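Below: the structure, in structure tokens.
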Amino acid sequence: MVNNGISYQIIGASTPCVEVMLDSHETVIAEAGAMNYFDAGVSFKVTLGDGSEEGQGLFGKVFSAAKRALSNESLFITHFTNNSTRFCKVSFSAPYPGEIVAIDLATLGGTVYCQKNAFLCGTLGTKLSMAFSKKMGAGFFGGEGFILQKLEGQGTAFIHAGGSIVEKVLNSENDTIYVETGSLVGFSEGVEFDIEATTSLKSFLFGGEGLYLTKLSGRGKVWIQAMPFNRLTGILYESLRGRFKEDFKTGTK
């Protein structure tokens, strides 16, 4: 598949990887530790900056890395470059079961906001930074806190999340969708992000849906994950705890 000049293939369903085809001297950036494999002819280097600003000095790179550290991201970004005269492939894998989607930033106003750790890899020129939630309620109860990951540029970025990723399109200022707070993956420029309390205390106490919902309104795209990582780990924890209890009781008899 080709998206905004970059050729790629997403392989697999439940535990996918994205294989990017690099032209001669083309570069792709990725989160540290995301690489799966690459062809001979590809080299990589770890840098403090994302490479979006040519000529950026050491102070600028350190400042950029410090901002990423505030959102619990790695201080470093890895750059993979095809140094050969032929096409070469490099693959990046998701860190847990879920889905990878390609986002064409140029068609979305050049900016997308997503949950922390959602970015996997992207074309050189993609700027990675953090963005603070504009509203107090969204920061306290929005599942991801005050800090969001901000992706800027005119290229393609690949994000990942747990389970299947559903894309919703809001076509007008009056379009609104409510999302479980931990299920929001990201949204494009033009979409307003806020938190609303559920209207029924009974639903909160007995429905298991939480006290707050994420409200997204405006014009743009929204990405929702079917299985947030914290929900997955919670299910695994409960399952393992029950198993350990059974083993302990059996062992004491």
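Just so it is clear, the structure is predicted and the values come from calculations on it, not from any experiment. In what follows, every heavy atom counts, from backbone to side chain, and hydrogens, waters and symmetry copies are set aside.
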> Under the side chain to side chain contact (heavy atoms under 4.5 Å, CB included) criterion, do Val166 and Val222 qualify, and how do the steps go?
Replying inline: CA-CA 8 Å; Val166 179; Val222 175; over 6 Å; no

>> Go through it in stages, so that I can follow the logic: the residues are Ile6 and Val20, the test is side chain to side chain contact (heavy atoms under 4.5 Å, CB included), and I'd like the CA-CA distance, side-chain angles, deciding distance and then a yes or no.
In response: CA-CA 8 Å; Ile6 186 171; Val20 179; 3.5 Å; yes

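Counting heavy atoms from C-beta outward, Thr156 and Ile103 have side chains that stay 4.5 Å or more apart. Between Phe187 and Leu148 the shortest side-chain heavy-atom distance falls below 4.5 Å. Taking 4.5 Å as the limit, some side-chain heavy atom of Leu105 sits within range of a side-chain heavy atom of Val112. In this structure, the side chains of Leu170 and Val191 come closer than 4.5 Å at one or more pairs of heavy atoms. Side-chain contact between Asp175 and Val169: absent, with no pair of heavy atoms (C-beta onward) separated by less than 4.5 Å. No side-chain heavy atom of Ile100 sits less than 4.5 Å from a side-chain heavy atom of Ile159. Residues Tyr178 and Glu196 have side chains in contact (heavy-atom distance under 4.5 Å, counting atoms from C-beta outward).
Cluster annotation: Met21 and Ile10 are assigned to distinct hydrophobic clusters (Ile/Leu/Val/Met/Phe/Trp/Tyr, side-chain heavy-atom contacts under 4.5 Å, transitive).
Judged by distance alone, the side chain of Ser188 and the main-chain N or O of Lys221 form a donor-acceptor pair under 3.5 Å. Side chain of Glu152 to main chain of Gly110: no donor-acceptor pair is present (N/O by atom type, distance under 3.5 Å, no hydrogens or angles). Side chain of Arg219 to backbone of Asn171: a donor-acceptor contact under 3.5 angstrom is found. The backbone N or O of Thr176 lies less than 3.5 Å from no partner atom in the side chain of Ser217, so there is not a single donor-acceptor pair.
Across all non-hydrogen atoms, the minimal contact from Thr111 to Lys150 is CG2-CE, 3.8 Å. Across Ala32 and Thr78, no two heavy atoms sit closer than the pair CA-OG1, 3.9 Å. Closest heavy-atom contact between Ala161 and Val185: CB-CG2, 3.6 Å. Nearest heavy atoms, Val18 versus Cys121: CG1-SG, 3.9 Å.
With Phe44 as the fixed residue, the ring-ring contact (aromatic ring centres under 6.0 Å, His included) test singles out one of Phe80, Phe76, Phe92, Tyr37: Phe80. The only member of Cys17, Ser91, Ser93, Pro16 that meets side chain to side chain contact (heavy atoms under 4.5 Å, CB included) when paired with Ile11 is Cys17. Checking each of Leu22, Asp39, Asn36 against Val90 for a side chain to side chain contact (heavy atoms under 4.5 Å, CB included) leaves exactly one that passes, namely Leu22.
Note that NZ of Lys45 is 7.0 Å distant from NE2 of His79, once rounded to the nearest 0.5 Å. Summarising the geometry, atom OG1 belonging to Thr126 is positioned 10.0 Å from atom CD belonging to Gln154; distances are rounded to the nearest 0.5 Å. From Lys168, atom NZ reaches atom CG of Leu216 across 12.5 Å, with rounding to the nearest 0.5 Å. Atom CD1 of Ile29 is separated from atom OG1 of Thr47 by 8.0 Å, given to the nearest 0.5 angstrom. If you take OG on Ser7 and NZ on Lys89, they are separated by 10.5 Å, rounding to the nearest 0.5 Å. The distance from atom CG of Leu128 to atom CD of Glu31, rounded to the nearest 0.5 Å, is 6.5 Å.
Checking Thr81 against His25 by side-chain atom types alone, no donor-acceptor pair falls below 3.5 Å. Defined by atom type and a distance below 3.5 Å, a donor-acceptor pair is present between the side-chain atoms of Asn82 and Ser84. In this model, a donor atom of one side chain and an acceptor atom of the other lie less than 3.5 Å apart for Gln115 and Gln225.
For Phe119 and Phe158, the distance between ring centers is not under 6.0 angstrom. The ring of Phe193 has its center no closer than 6.0 angstrom to the ring center of Tyr113. When ring centroids are compared, His160 and Tyr96 come within the 6.0 Å threshold.
Residue Phe87 places its CZ atom among 12 or fewer non-hydrogen atoms of other residues, nucleotides or ligands, all under 6.0 Å distant.
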